[in-house]
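Written below as structure tokens is the structure these notes are about.
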Amino acid sequence: MSLPLEGIKVVDFTGVQAGPSCTQMLAWFGADVLKVELPGKGDVTRGQLRDFPNLDGLYFTMLNSNKKSLELNTKTPEGKKILEQLIKESDIFVENFAPGAVERMGFGWEHIHELNPRIIYGTVKGFPENSPYADIKVYEDIAQCAGGSASTTGFPDGPPTISAAALGDSNSGMHLLIGILTALIHREKTGEGQKVFQSMQDAVLNLCRVKLRDQERLDNTGVLKEYPQYPNGKFGDTVPRSGNSSGGGSAGWVLKCKNWKTDPNDYIYIILQAWGWQKLCDALEKPEWKTDPKYATPEARGTHIFDVFNEIEKWLSDKDKYQAVEVLRKADVPVGPVLSMKEISIDPSLRENGSIVEVEEKLRGKYLTVGCPMKFSAFTPKITGAPLLGEHNQEVLTRLGYSADQIGELREKGVI
């Protein structure tokens with residue numbers, strides 16, 4: 001099956017998560033992605049959070065599938081020459097080193113563009129280039145804080161809270177992927193490559209645009225009526241933390257089901273949309289709510305929304321989350337279960353549609369990973385195992401014209 005990016009060559013000069021998440025998807029879409037790694041060590045995540053001694057950690061394998069691996073010490077003259085050879089024949093170069101590091105190596109945008117004017121140069125950094133914080137080496141949690149997520153996440157009486165979702169890392173990689181693919185289309189029209197810069201702060205902010213919307217609304221009105229602080233609480237001059245409220249115009253909350261005391265995830269999330277209120281009343285066997293002035297309108301419900309949620313939890317007290325969702329979805333009520341990672345990992349529908357896939361790695365054997373989140377009508381990416389460190393040294397260098405003796409010399413010198 002032909003894939004859209006077949007024939008596209010990528011030099012993957014990335015590590016950890018933000019960069020690898022981008023280049024992994026390029027590989028899923030058919031690109032020939034060559035991961036350049038430090039000899040004998042490789043990507044730091046190979047050795048992090050190991051579940052088996054002496055095997056690459058799942059942190060690495062789940063972010064580097066479908067790639068090839070070349071060990072290369074780019075601090076040596078021979079290593080720099082090889083990297084330059086790869087750059088000259090490639091379409092995309094991606095890096096996410098600390099600010100200034102790749103320039104000190106001699107592989108900044110200007111030099112790479114000079115080597116190959118058609119190349120797309122993708123880079124991830126913590127902050128925008130003109131930021132006063134541009135020199136900071138940024139990690140996931142810092143990006144969430146700087147991008148507005150942490151300050152608006154959590155409960156009103158608690159501190160800013162970090163999301164478990166990789167809003168700073170993998171999200172930045174996905175944003176960079178969009179930019180790189182756009183630059184490829186631009187190159188088809190102009191013949192010229194370009195630099196694509198993605199800051200983690202910008203990527204987080206892009207996912208927090210509804211909170212920026214709320215900041216402007218708060219500035220203009222002084223209140224946010226769909227937040228749990230209204231009408232009895234007080235608003236300051238910044239968007240507050242709103243617990244599990246929906247963040248939209250309709251009320252929503254996480255609600256306890258019957259096993260919540262023993263099962264930390266026996267909860268559902270329910271949205272009380274205005275158009276569906278009467279359907280919810282029927283499902284809850286509360287027909288009186290349809291005409292009761294305390295409940296009949298969104299405005300009325302909003303003044304004592306937690307009384308409504310408490311009543312719904314009484315209805316849920318003899319139902320687990322699956323039973324509750326079954327009743328409510330049939331009533332056309334927006335609802336969903338809180339699924340644990342264990343439940344997700346064994347979900348047959350997610351396995352069937354490729355959202356969760358089982359792949360084979362040469363030493364580890366079979367393991368689970370996340371599949372391609374986009375589903376295409378014309379093709380289905382096949383997820384394969386991550387490469388062993390230096391697995392493709394011989395293949396890549398032979399293709400570049402190095403003899404077996406020369407490869408042996410490079411190995412002796414510590415170049416590979």
N96 (side chain) donor-acceptor with G15 (main chain) under 3.5 angstrom:
yes

Please determine whether a side-chain nitrogen of the Lys or Arg among R46 and D43 lies less than 4.0 Å from a carboxylate oxygen of the Asp or Glu.
no

Those residues at least two apart in sequence (or on a different chain) that pass ring-ring contact (aromatic ring centres under 6.0 Å, His included) with H392 are none

ring-ring contact (aromatic ring centres under 6.0 Å, His included): which pairs involve residues 124-174, sequence neighbours left out?
F127-Y133

Pair listing, ring-ring contact (aromatic ring centres under 6.0 Å, His included) test, anchored in residues 192-230, at least two apart:
none

For E71, is there an ion pair with K35 - N to carboxylate O distance below 4.0 angstrom?
no

Of all residues at least two apart in sequence or in a different chain, which pass the side-chain hydrogen bond (donor to acceptor under 3.5 Å, both in side chains) check with E391?
K362

E313: partners by salt bridge (charged side-chain N to carboxylate O under 4.0 Å, His left out), with sequence neighbours left out:
K256

Residues which pass ring-ring contact (aromatic ring centres under 6.0 Å, His included) with F97, listed by chain and number, not counting sequence neighbours:
F13

Please determine if K9 and E89 form a salt bridge, counting it only when a charged side-chain N lies under 4.0 Å from a carboxylate O.
yes

Sidechain N-carboxylate O distance under 4.0 Å for R213, E216
no

Qualifying residues under side-chain hydrogen bond (donor to acceptor under 3.5 Å, both in side chains), relative to T384, sequence neighbours excluded:
N66

Between D157 and R241, does any NZ, NE, NH1 or NH2 come within less than 4.0 Å of an OD or OE carboxylate oxygen?
no

Selection residues 23-76 - residue pairs positive for ring-ring contact (aromatic ring centres under 6.0 Å, His included), sequence neighbours left out:
F29-F376

Step by step, work out the salt bridge (Lys or Arg N to Asp or Glu O under 4.0 Å) result for K321 and E343.
CA-CA 12 Å; K321 61 187 175 185; E343 290 169 309; 2.9 Å; yes

For residues 104-128, which residue pairs pass the side-chain hydrogen bond (donor to acceptor under 3.5 Å, both in side chains) check, not counting sequence neighbours?
E84-H111, E95-T123, E95-K125, T123-K125

With a 4.0 Å cut-off, would you call D266 and K258 a salt bridge?
no

Just to verify, what does D332 make a salt bridge (charged side-chain N to carboxylate O under 4.0 Å, His left out) with, not counting sequence neighbours?
K279

Please list, chain by chain and in numerical order, all residues satisfying salt bridge (charged side-chain N to carboxylate O under 4.0 Å, His left out) with D320, sequence neighbours excluded.
none

Would a 4.5 Å heavy-atom cut-off, applied to side chains only, mark D32 and V10 as touching?
no

By ring-ring contact (aromatic ring centres under 6.0 Å, His included), Y267 pairs with (sequence neighbours left out) none

